[in-house]
Asks: 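Following this message is one structure expressed as structure tokens.
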Amino acid sequence: PAPPGPAAALLQALGLPDVHRGAPKPRPVPPVMWRLFRHRDPQEARVGPRRTPQGTTLRPCHVEELGVAGNIVRHIPDRGAPTRPPEPAWAAGQCPEWTVVFDLSAVEAAERPSRARLELRFAAAETAAGWELSLARAAEGEAGGARPVLLRQAVPTLGTPVRAELLGAAWARNASAPRSLRLALALRPRAPAACARLAEASLLLVTLDPRLCHPLARPRR
Amino acid sequence: EAEPALGGSPGGACRTRRLYVSFREVGWHRWVIAPRGFLANYCQGQCSLPATLSGPGGTPPLNHAVLRALMHAAAPGAAGLPCCVPARLSPISVLFFDNSDNVVLRHYEDMVVDECGCR
């Protein structure tokens, strides 16, 4: 049921306009989100002495650890994962292309993206002498055909997550976030080797909602 | 949970009172990952002399508040006492699942009363 009265007003004040639908699908909280939370929230979940010494002020509206302006950080999972074939196709000696889909409908128009970091985890049957990642826009239901490459990036190893900055590549730096982001990505070995498999894709999006930012009080001259 | 309010009685100088907001109490515990709640606190108490002069908690008194306290001491009916309000606030961050099952970290300014002052 919709929360009556003050709870709805508080949700509204916290920029959470719609009623939360209850228990979400259980999913582990990504370590990066825990790290950002612990770094940011002086009270954390503990009631009692503050972890950060009194008087330490973190810059408001700034995500220190990521070095950008922002007061909302979202970890957005890939919606395309369930429909992706489990094994890469080896046909025609080409490594497969994957389509990843990110639902950005929760981002409000007033929010200004300051960072959009794509994070990819691959599983490789064998080590190769380096890889090349390429990203292109994948339109709805579009099959094949050459599309302009948005980003090309050398990947030395698949042992750690592959990260790619999308701001300025997948959408203009000062534009508001699109409602949905569909990307076709390919990972090709630099020398003949077995293709890798995409295990997981996610997007870390940092936005600044100016309505929740108070201008810094000017120091007295 | 709140420190018992003074209930309108004039006792007690203006100072920070403990108020803990539990997300379970407001029914958000299914989608708020952390924290479980936070110490919001609130301000209450008298801003009469000398509390107004010293500025409770070390916050520097506002001249206008001192003036009003002096006026009130001289002519109680003329003007009311200054108010006991938040003088210094700090932010909190909330980690939660949104309706699209994204994990979201939002930062909110001015959510915790650290110090109260007479204004």
Side-chain angles (χ1 to χ4, degrees), chain A residues 3 6-7 10-11 13-16 18-30 32-34 36-48 50 52 54 57-58 60-63 70-77 79 102-107 202-203 205-206 209 212-214, chain B residues 1-3 16-42 56-60 62-63 86-117 119:
Chain A
L10 183 56
L11 273 174
L14 295 177
L16 304 167
D18 53 353
V19 174
H20 217 278
R21 63 171 174 12
K25 253 197 281 4
R27 110 172 152 88
V29 177
V32 65
M33 297 303 281
W34 274 123
L36 289 172
F37 171 74
R38 292 206 192 305
H39 181 81
R40 187 84 204 157
D41 183 37
Q43 281 200 9
E44 291 180 300
R46 213 166 342 147
V47 171
R50 296 161 64 103
T52 46
Q54 189 92 16
T57 52
L58 291 174
C61 303
H62 193 78
V63 182
N71 46 14
I72 305 171
V73 182
R74 290 186 177 85
H75 182 277
I76 303 168
R79 303 280 173 210
F102 299 109
D103 173 6
L104 306 180
S105 56
V107 182
S202 63
L203 179 66
L205 179 65
V206 181
D209 185 337
L212 295 178
C213 271
H214 303 202
Chain B
E1 298 166 24
E3 196 177 317
T16 307
R17 314 251 170 205
R18 176 183 156 76
L19 170 67
Y20 177 74
V21 175
S22 153
F23 287 140
R24 173 173 292 278
E25 291 294 321
V26 295
W28 292 356
H29 54 292
R30 283 197 195 73
W31 53 277
V32 171
I33 303 166
R36 289 192 193 78
F38 70 101
L39 261 178
N41 299 326
Y42 69 99
T59 45
L62 280 187
N63 291 341
R88 195 161 75 82
L89 293 139
S90 58
I92 71 166
S93 291
V94 181
L95 193 63
F96 60 91
F97 288 107
D98 69 6
N99 273 335
S100 310
D101 284 340
N102 302 321
V103 175
V104 183
L105 175 67
R106 277 194 90 131
H107 183 75
Y108 298 100
E109 293 295 332
D110 303 335
M111 290 288 275
V112 177
V113 173
D114 284 334
E115 282 176 25
C116 297
R119 295 288 181 272

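All of these numbers come straight from a predicted model, not from anything done at the bench. Per chain, numbering begins at 1; letters A, B, ... match sequence-line order. Just so it is clear, the values below take in all heavy atoms, side chains as well, and ignore hydrogens, waters and symmetry mates.
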Asks: Check whether any side-chain N or O of A:R27 sits under 3.5 Å from a backbone N or O of B:D101 as a donor-acceptor pair, and report yes or no.
Replies: yes
Asks: For the pair B:R106 and A:D209, evaluate side-chain contact (heavy atoms from CB on, under 4.5 Å) and give the outcome as yes or no after the intermediate values.
Replies: CA-CA 10 Å; B:R106 277 194 90 131; A:D209 185 337; 3.8 Å; yes
Asks: If you define the side chain from C-beta out and look only at heavy atoms, does anything of A:I72 sit under 4.5 Å from B:V104?
Replies: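 A side-chain contact exists here, since the closest heavy-atom pair is under 4.5 Å.
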Asks: Could you list the residues that satisfy side-chain hydrogen bond (donor to acceptor under 3.5 Å, both in side chains) with B:N102, not counting sequence neighbours?
Replies: B:D98
Asks: At a heavy-atom separation under 4.5 Å, does B:V103 approach chain A through its side chain, its backbone, both, or neither?
Replies: both
Asks: Enter the distance from A:W34:CH2 to B:I33:CD1 here, rounded to the nearest 0.5 Å.
Replies: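 Reported value, rounded in 0.5 Å steps: 6.5 Å.
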Asks: Kindly compute the distance separating OG (B:S100) from CZ (A:R79), expressed to the nearest 0.5 Å.
Replies: 6.0 Å
Asks: Please flag which part of A:S202 lies under 4.5 Å from any non-hydrogen atom of chain B: side chain, backbone, both or neither.
Replies: neither
